[in-house]
Amino acid sequence: MENAAAAQTRAAKPFLSDIKTLRERARQHIEQGAVTDTYVGDVGKTIEILQSVLATELVCVLRYTQHAVAAAGIASESVKSEFAQHAKEEQEHAMMVAERINQLGGSPNFNPDGLSTRSASQYSTPEDLVGMIRENLIAERIAVDHYRELIRYFGENDPTTRVMIETILEVEEEHASDMQDLLAAHGRDEGADAH
Ligand SMILES: [Fe+2]
Ligand SMILES: [Fe+2]
């Protein structure tokens, strides 16, 4: 038996528009492109959030690229290629986010001025390999935390943006796990952190 709360939720479920209404609605405000009447929430706010995600991804591209070039020593060849691979994937994320901003009627912000301020992740270039791995792990953890929150924020209001962030989150979790493995492999001789 359905309880009262469930029945109420079911009753509150919005009806589906008929084809005639859908067709009429689609003809209005065609200048808004993919943003239609069923877009719940604030498009301006979504674009603002996505600009910050774009900056986060771009800072990750720059940091991983710098580390891929600067990591020195034969022992770090595999680490260098891992950094380079991550840089490539962060670039793909940046493009996905930029395309979504464009779709929503915004202009993706690639301006280097203020980039690190708009970004959640930080640009840090330690001299040593372990320091680099650690900074990347921290950046990934920031992204994972941030994106999980955004997924909850977008919920059912903007499923396309939510699914995009979910796709990105999956890769960031892999990145974090990769960095954790590298830290375990290369950070051994550094001694345990004080904690
Ligand atoms: Fe990313
Ligand atoms: Fe990442």
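Order of appearance sets the numbers: ligands from 1, and atoms from 1 within every ligand. Just so you know, these numbers use all the heavy atoms, side chains as well, and skip hydrogens, waters and symmetry mates.
Among heteroatoms of the N, O or S kind in His93, ND1 lies nearest the Fe ion (ligand 1). The Fe ion (ligand 1) sits nearest to atom OE1 when only the N, O or S atoms of Glu90 are considered. Within Glu57, OE1 is the N, O or S atom that lies nearest to the Fe ion (ligand 1).
Using a 30° and 60° split on the angle between ring planes, Tyr64 and His86 fall in the perpendicular class, above 60°.
When hydrophobic clusters are built by joining Ile, Leu, Val, Met, Phe, Trp and Tyr residues whose side-chain heavy atoms come closer than 4.5 Å, directly or via intermediates, Tyr147 is not grouped with Val171.
Remark: Gln28 CD is packed, more than 12 non-hydrogen atoms of other residues, nucleotides or ligands lying under 6.0 Å away. A 6.0 Å sphere centred on CZ of Arg162 holds more than 12 heavy atoms belonging to other residues, nucleotides or ligands.
Rounded to 10°, the angle formed at the Fe ion (ligand 2) by OE1 of Glu140 and OE1 of Glu172 is 90°.
In summary, an N, O or S atom of His175 is located under 2.8 Å from the Fe ion (ligand 2).
The backbone N or O of Ala120 sits less than 3.5 Å from a side-chain atom of Thr56, completing a donor-acceptor pair.
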